[in-house]
2 protein chains.
Amino acid sequence: MDDVDTPYIFSKLKNKKTEIFTSTKINEIKSLRDLSQPLFTLRKKTLLITERDKFNGLYLVHSGLLKQSHIRKPGESEIITHFFLPGDIIGLDSICEHHYCGPVTSIETSSLSLIKFRNIDEYLIAQENHNKLLRVLSRSIRTEHARLWRTLSQPSDARLAYFLITMSNKFSELGYSPNAFRLAMSRQEIANYLCMASETVSRIISRFENEGLLSANRHDYFILDPIGLATIAKKNRSSPNFSG
Amino acid sequence: MDDVDTPYIFSKLKNKKTEIFTSTKINEIKSLRDLSQPLFTLRKKTLLITERDKFNGLYLVHSGLLKQSHIRKPGESEIITHFFLPGDIIGLDSICEHHYCGPVTSIETSSLSLIKFRNIDEYLIAQENHNKLLRVLSRSIRTEHARLWRTLSQPSDARLAYFLITMSNKFSELGYSPNAFRLAMSRQEIANYLCMASETVSRIISRFENEGLLSANRHDYFILDPIGLATIAKKNRSSPNFSG
DNA sequence: CGAAAAGTTGATATTCTTCAAGATGCGTGG
DNA sequence: CCACGCATCTTGAAGAATATCAACTTTTCG
């Protein structure tokens, strides 16, 4: 465990590396875990899936951080459609399709496992896990819609606040502190994920710091005022004086 | 059939009412049709589903137009998450959930049928249509993601152009002319769907007319230059001189 | 240590919303 | 059928939000 470039969360904050996840609190993962192949490790900034790859199964993230992007013309800025944290499943949008949706790259060293199947019939006949998969898919539709609609309809400070809260909740679910975490992705990658300029991300983080909402140093984030941050995340253009 | 407020497409353009759809070219609908209850008619501007309704099945749209919205505080502008055209399925985002996602309202008089089931197990045991449903769900994830990401990352003229092209394609699939169609939704509703101000929709439509791309009169749209419109739909902020 | 990448900050430009006024079309009742 | 009133649509002008461009600082990594 110590000789590899161990993925870590809070290593800087706690001054020690944390162990690789072997279980999560995500129900879907629990129900799918027994089907999966052994773990493998992916070094940081490594391509897991290219846009040309044929669909051959779902990947479960056990540790680390990955991103899925859209292919765009050279010179154009990348669009990041997903960040995958421990407990997330890669490839849900590609079931019943021939190819994966877009390239998936590790941002930091990650460990994954593969639930291998070429097509959905193969998987269903072999495993009889229709309901589990349906539930995961259905839930995925709903949560992703909610997230995208939020992003779409909110100004950039609310987007960023909401993003930070979402990350906070994810870490909380994984058993870590919701108010102190490390995000391996760069400002540019956060910007691409939220569809804004990286300068805007910088400016808003600075503003949040000035307002005493959080403290951010490179990849380490401390949420100082979760309530205040949530208030900003909930505000919208039609009612700037949101009081909830 | 003649005594009801028959839904129609192109009635103005062709000067005669078209018959209610009884079949579509959508594969998914075909495979699900035999399970559905008889058709029923919903008058225009009628609530089909409220935010409090418990999930009790999927609705198939046979004719007309409906919208699904997000609940917001009074005084705030409505957010429209879906338009449902003939061949579309209402409720995919609510499978495996207790309640529907948001209120669904008919914009014009519509005819629908209900595939009734309280929970997914009930449906699957009774019907053994796992694969069909999985395919529909999976496809739905992918197409909706693609649409939302497009909307999110593009300036408003590209959003509107893309919206019109999508509508055009839908009518084409349904066997109608792709370049002359009637959209029953108001400018405000289009704006809410694309997350912009209704004034912006007006302005961009005017601009498109001046540029000779289309002709729009109230609810009737004629696409005069599909190629030009597609070029605008594909452009993005990083490469305004897109050539494809 | 030095070069390249990433992040921050300021000035400017653009896009889009908001506010406001007017125009157009639609339904209703005379 | 026409006139009135309301809702929708269009257009203009001002303002806010955000992107872009540019300079500079900080960090990372060979």
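Computed from a predicted structure; not experimentally measured. Each chain gets a letter, A, B and so on, in the order its sequence line appears, and its residues count up from 1.
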Please determine, for the side chain of [X], which listed nucleotide ([options]) has the closest atom?
X: A:Ser206; options: D:dT10, C:dC16, C:dT9; value: C:dT9
X: A:Ala197; options: C:dT17, D:dA19, C:dT8; value: D:dA19
X: B:Arg218; options: D:dT18, C:dC26, D:dT11; value: C:dC26

At under 4.0 Å between heavy atoms, what does [X] touch on the DNA or RNA strands: base, sugar-phosphate, or nothing?
X: B:Ser186; value: sugar-phosphate
X: B:Glu199; value: base
X: B:Ser198; value: nothing

Nearest-angstrom distance from the residue atom [atom1] of [X] to [atom2] of [N]:
X: A:Ile205; N: D:dT26; atom1: CD1; atom2: P; answer: 18 Å
X: A:Leu160; N: C:dT8; atom1: CG; atom2: P; answer: 11 Å
X: B:Glu209; N: D:dC9; atom1: CD; atom2: C1'; answer: 12 Å
X: A:Arg187; N: D:dT28; atom1: CZ; atom2: P; answer: 12 Å
X: B:Asn210; N: D:dT11; atom1: CG; atom2: P; answer: 8 Å
X: B:Met196; N: D:dA17; atom1: CE; atom2: C1'; answer: 16 Å
X: B:Gln154; N: D:dT18; atom1: CD; atom2: P; answer: 18 Å
X: A:Lys45; N: D:dG30; atom1: NZ; atom2: P; answer: 10 Å

request  = May I ask you to verify if any side-chain N or O of B:Ser156 is less than 4.0 angstrom from the OP1 or OP2 atom of C:dC16?
outcome  =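 Yes, because at least one side-chain N or O of B:Ser156 sits under 4.0 Å from OP1 or OP2 of C:dC16.
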query = Distance check: side-chain N/O of B:Arg203 vs OP1/OP2 of D:dT10, anything under 4.0 Å?
reply =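 Negative; the distance criterion is not met.
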task = Inspect the contact between A:Glu199 and A:Arg203 and indicate whether a charged nitrogen and a carboxylate oxygen are less than 4.0 angstrom apart.
result =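 No, A:Arg203 and A:Glu199 are not salt-bridged.
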Salt bridge A:Lys170-A:Glu173, side-chain N to carboxylate O under 4.0 Å =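 A:Glu173 and A:Lys170: not salt-bridged.
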message = Has B:Thr46 got a side-chain atom pairing as donor or acceptor with B:Ser106's backbone, closer than 3.5 angstrom?
response =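 A pair under 3.5 Å: no.
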query = Are B:Tyr176 and B:Phe181 near enough that their ring centres are under 6.0 Å apart?
reply =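 Aromatic pair excluded; centres sit 6.0 Å or further apart.
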query = Going by heavy atoms in the side chains, are A:Val104 and A:His82 under 4.5 Å from each other?
reply =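 SC-SC contact between A:Val104 and A:His82 ruled out.
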